[in-house]
Amino acid sequence: MKKSNIYFLLGIGIVLMIFIVFIYGIYFASNPRDIPSSQIGKKAFEIHTVTFDGQPITLRQYLGKPIILNFWASWCATCWKEAHILEAAHQEYTPQGAVFIGIAINDEREASLRFIKKYNKTYILAPDDKTGNISLDYGVTAVPETFLIDKKGVIQNKILGAIHDDIIDQFLSKELKL
Amino acid sequence: MFINIGYFALLTSLGLMFYASLALTLGIKYDKNELILSAKLSFIAKFILIAVAFASLTYAFIVDDFSIQFVSLHSSSDLPLFYKITAVWGGMEGSLLLWELILSFFIVCIIINYHKINRDILPYSLIILSLISLFLLFLLVGWSNPLERVFPVPPEGRGLNPLLQNPGMIYHPPSLYLGYVGFSIPFAFAIGSLLRGKLDNQWILSTRRWTLFSWFFLTVGMMLGGEWAYLELGWGGYWAWDPVENASLMPWLTGTAFLHSVIVQEKRNTLKIWNMLLIITTFSLTILGTFITRSGVLNSVHSFAKSNIGPAFLVFIVITLIFTLIVLKTRLPLLQSQAKSSDLMNKENAFLINNIVFTGMCFTVLYGTVFPLLAEGLADKKISIQAPFFNTIMLPMGLITVFLMGISHLLGWRKTSKNMLFHNSKIPLGVAIGLTVLVGILLSVTWEVVLLSWVIVFSGWVILSELLKSYLPLKRKPAELKLSIPKEIISAFLKNNRKKGGLIIHLAIIIFAIGVSGNFYSQETSFTLNLDERKQFGDYAIQFEEVKVSREHNTERYGAVLKIFKQNQQITTLVPVKAYYPTSPQPMTEVAIHRTIPEDLYISLSSINNNGSVTLSLFINPLINFIWISVVVIFIGVIFSFIYTPIQIKNKKEKFI
Amino acid sequence: MMTSFKSCLVIFSSLLLFSINFLYAQSESEIENRVRTLANQLRCPTCQSQSVKDSDAGLSLNMKIKIRDLIQKGQSDAEVLDYFVKRYGEWILRSPPKSGFNLLLWIMPGIIMLIATLVLLRSLKQKSRTVDAIGKPSLSKAEDLEISRRFNNVFKNK
């Protein structure tokens, strides 16, 4: 083949490569703002905190039960939207053996309490510690974020943004059947 | 009513461009001058129509006509008039219209300017320009129509993004667009001369000023963008290697390479294919820049306005590239340059290495910008590529360019005597090495700083002395000199503008590099101050006086009044502000800066706390003002380069007039 | 005149360099510097175009506190970064680690530049060979000497 032909094909090749990369970027790649959790499939970090009503909690005490671990804050608008979803799921599934935990991050205690009262939240609610160790351990990127932890204490999934009830339904019906 | 006229003007322009491309093709094929002339007239008419469309959109913004979707999305009635006008290009659709307006204006300029010369290439180039215009107009009447109506009419607009409510809006985007669009002119001439099969240096000589012009505005646009970020974002820096910033840097890099390599073609008649490739790449990168900005495919501070016309831009780039590559291939035999004797040590090789480094930098920027996509597609993992990566890779390349910039002034065309080179470079080399060793021994600095100061001193020395040599009258006749100094100085001042322009611009780059080197010495801290409390930062003492609340137009502003002391003398009062806009829940920071030539004291207000104290982020940014000074020097240099007319063009003009 | 001018330049540039170094090369608290350097290498999860260092978001503030904590516990820079990578994944690093697939990112620019330089050198060699074959040699030794002789004369006269 002539040298000029090789260069020509090389040029066309580069153009097509750039084209493919961007087509992939537009149509197939995930939203650049969504960050995958690196902890899915791994053992969940232990939590040490005291709930708003003064009960010390750890994850270990719930071993053998599926856990819905939700991070929220009173200043986050999306958390208002999902507040009733979580509470309703709690009413339905806690009697069947699931555990719902809500951790308030970067929030003032009074504001959190107002939020809890306003939305009538009754599941286990606790503040993150002063320097946000729990949220850092879980690699939280924004609120709300929800982790689904199975009976063995392994993180099965992370949901960024408001949670849907069918996600909870699906996870818990599977976990509670076993 | 006015809006309907505007939309009608856009439609008519689309028709005119169809006609123009057709008339030009037929006119060339059947050698009919009247057809070509009519096409030229339709370009002029189109410019007027686009101006009308632009005026109608601006009018809609001024009178708060929220029945126009674009206006309702990017303006609100409480916006100050100034921002209502700049909001015209505050979104995708309006910026496209501005782009088309500038392009139309440029086309009219070349039609009038090249009325007498370039008759052979011009029609071919105009075909290319009419196609670019057609593409933009298609988008403007269809996918992203700035004049589209919305129903029901919203009572109030959504307001302009607070980040865009900055005086920078008047100069930063337009000057970038001037740069972007300007590069389509040399591109059109390059392809025009390929199509025509006339492959001497004419296209390069006639578009030299366009290239310079575009390069200048791209440079200034980016620097003003940097200044804007410096003032608005509150983290003490001006360049973040954000994908959108990278998108504007890429055409600048290849454009700069082009600016240099055309000189080699002009002087030595080589690199013809390379120059074609460079201008094609540069043009494509200007389009790619818009694509990256608007498609939201990459994560960026600028991606506030996602739109669905990304794919259209992508397809346009690919078609352009494949079409031009095919044209280039068919004309390849005409582009072979004659082999000429070359020594390794000469100016053209310095330019070649410069070209390799610049395209290498461009590749790195592009590669680093899209690599997260590759990583996700091929290795299924999400990674971040931000400033630390780019700084690591780009710093050595930047050092090489600054060094080449100095050394190239010591090299001659074709061949440089080694003695000569040694003689010319021994002083700057010695000075630079001496200083650097001294600095390295006396103060513990990192190797980056040592190398950076070394190349800056070396190249700065060479460039300054060359520049002064070109201004000072020759030394030969001291006796005569005394009598006629003013005359000699004046003539020396006016002679050899091209060389001087280049030297001055290079000097500006040195000044810029000094400014960048200030980064290595910057200090920062953050602390909380109670009322009347005073804390020390570097040489400054900062005392918090009060919180001042005020309303300005549509914003509510909370300013922390700070008294700044240096050696117990109050030097100034700074008021960093948190401004609340009605449209955005997050407040905007407005930093306060105490500017002096050696350093900036830069304070941004992080928060006003419940107990009345304020938390501040403070930076001392040494030498940063050299960066803004370099803009002025670049301007002076570009003027010198602009004055120079290539000798071939001069002769041609005389022949025709 | 030229000499005095040159010495002015020397003084000017050395002053410039020295003043920069003396003015700014002062040390702040060691730990705060390390916190800043490390925070600059982490990407803020909330405001993703900024580093943790530059961000005032709640999470970033927590992260900065955590970094300071870990440093005070005597952890090395690598250990601190590792702490965050373990929890957030590689995504958190603003400059990807030089291993595995990422190597493609780090070495490619160098490879491209190397290839370009090699191609350039080869084509230059070819060019000079063709020229010699046609019989238009570059300057001979004698010519070279002549040039440098004249050149030296010019400078002697000055």
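Naming: A, B, ... by sequence-line order, numbering from 1 per chain. What you are looking at is a predicted structure, and each value in this text was computed from that prediction instead of being measured.
- Here CZ of F84(C) is found 5.5 Å from CG of L136(A). Values are rounded to the nearest 0.5 Å.
- Chain A is approached within less than 4.5 Å, heavy atom to heavy atom, by no residue from residues 96-106 of chain C.
- Around atom CD of E108(A), no more than 12 heavy atoms belonging to other residues, nucleotides or ligands sit under 6.0 Å away.
- Annotation: residues 38-75 of chain A contacts chain C through S38(A), Q39(A), F45(A) [non-hydrogen atoms, separation under 4.5 Å].
- More than 12 heavy atoms of other residues, nucleotides or ligands lie within 6.0 Å of CD in Q96(A), so this atom counts as buried by the packing criterion.
- Residues of residues 60-76 of chain C that come within less than 4.5 angstrom of chain A, heavy atom to heavy atom, are N62(C), M63(C), I65(C), K66(C) in numerical order.
- Rounded to the nearest 0.5 angstrom, W91(C) CH2 and T141(A) OG1 are separated by 7.0 Å.
- For chain C, no part of S37(A) is nearby; none of its heavy atoms comes within less than 4.5 Å.
- Taking every heavy atom of both residues into account, L59(C) and S135(A) meet most closely at CD2-OG, 4.4 Å.
- The candidate with the highest count of non-hydrogen atom pairs below 4.5 Å against chain C, out of V140(A), N133(A), D128(A), V143(A), is V140(A).
- Near-neighbour residues of residues 107-116 of chain C relative to chain A, defined by a heavy atom under 4.5 Å from a heavy atom of that chain, are none.
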